[in-house]
Amino acid sequence: MDNRATSHRRHLVTRSALTQIITLLVLLSHAAMALKAAEAATGARFTAMAVVSGSMEPTFKRGDLLLFATRSDDSPVRVGDVVLYRKPVPDDDDGPPVVVHRVIEVRERRDGGGADILTKGDDNSVDDGGSVLYGGAPYLRRDQVIGKAVGYLPGAGWPAIVFEEAGVDRRAVAGVVGLVALVQIVREAMNA
């Protein structure tokens, strides 16, 4: 009778572990499908970026996670948009290669060659024009803008910041966490 109860308990633990794994996979697949549906509906691709400094306070704080819609180079950028842009990175620069700031001025070029864009962090006293962020140029080019902010999650970017500052690859951490969870589930199933 004792062996039968142990066998039954082991079966329940294994079944519970498999249910948890399947539930996690279903949730991840639903999130991926929702992202693809949003991309199909809007014609945009999405990327996320953690706010790594206080330059956008009080609107966004360090550690907030912003979601950006990326579109073709012909999508308009307007004053007030919060944009993610690529900065020219000198070899000796240790800062992030992208910046999140608000558009404060847009100048259409007379030659029809697009727009010149000026940005500024909400908490900064001066705009970004002519700074190292633009590589010394007075304005940003439209092709340097990666995307416009469409949403954010307060505080959700902290794991990315911690991993980045520690010099850890996020994919490696996710893999290790998944492996540890799988080993724990298998161990519980075998010990039951």
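The closest side-chain heavy-atom distance from Val77 to Arg142 is below 4.5 Å. Residues Phe68 and Met49 are in side-chain contact: their nearest non-hydrogen atoms beyond the backbone lie under 4.5 Å apart. A 4.5 Å side-chain heavy-atom check between His101 and Asp128 finds at least one atom pair inside the cut-off. Looking at heavy atoms from C-beta onward, Ile104 lies out of side-chain contact with Val79 at the 4.5 angstrom threshold. No side-chain heavy atom of Val103 sits less than 4.5 Å from a side-chain heavy atom of Leu118. Side-chain contact between Asp116 and Leu140 is absent, with no heavy atoms from C-beta onward closer than 4.5 Å. Within the 4.5 Å cutoff, side-chain heavy atoms of Arg102 are placed close to those of Met56. Using a 4.5 Å heavy-atom threshold, the side chains of Tyr85 and Ile117 count as separate.
Aromatic rings from Phe60 and Tyr152 are positioned such that their centres are separated by under 6.0 Å.
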- Item | Worked verdict on Thr47 versus Leu84 for side chain to side chain contact (heavy atoms under 4.5 Å, CB included) | CA-CA 10 Å; Thr47 189; Leu84 175 68; 4.1 Å; yes
- Message: Quick one, Val98 with Ile146, criterion side chain to side chain contact (heavy atoms under 4.5 Å, CB included). Give me CA distance, side-chain angles, the key distance, then yes/no.
- Response: CA-CA 9 Å; Val98 293; Ile146 299 168; 3.6 Å; yes
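To the nearest 0.5 Å, atom OH of residue Tyr139 and atom CG of residue Asp127 are 8.0 Å apart. Rounded to the nearest 0.5 Å, atoms NZ (Lys87) and OG (Ser131) are 8.5 Å apart. With rounding to the nearest 0.5 angstrom, the OH atom of Tyr134 is 11.5 Å from the CZ atom of Arg141.
The salt bridge (charged side-chain N to carboxylate O under 4.0 Å, His left out) test applied to Asp123 returns no partner, not counting sequence neighbours. The salt bridge (charged side-chain N to carboxylate O under 4.0 Å, His left out) search around Arg107 returns Glu105, not counting sequence neighbours.
Counting only N and O atoms by type, the side chains of Asn124 and Ser55 include no donor and acceptor under 3.5 Å apart.
Across every non-hydrogen atom of Ala115 and Val106, the tightest pair is CB-CG1, 3.9 Å. Here the closest heavy-atom approach between residue Gly157 and residue Ala50 is recorded as O-CB, 3.7 Å. What you find for Leu65 and Ala48 is that their closest heavy atoms are CD1-CB, 4.1 Å.
Checking side-chain atoms of Lys148 against main-chain N and O of Pro76 turns up a donor-acceptor pair under 3.5 Å.
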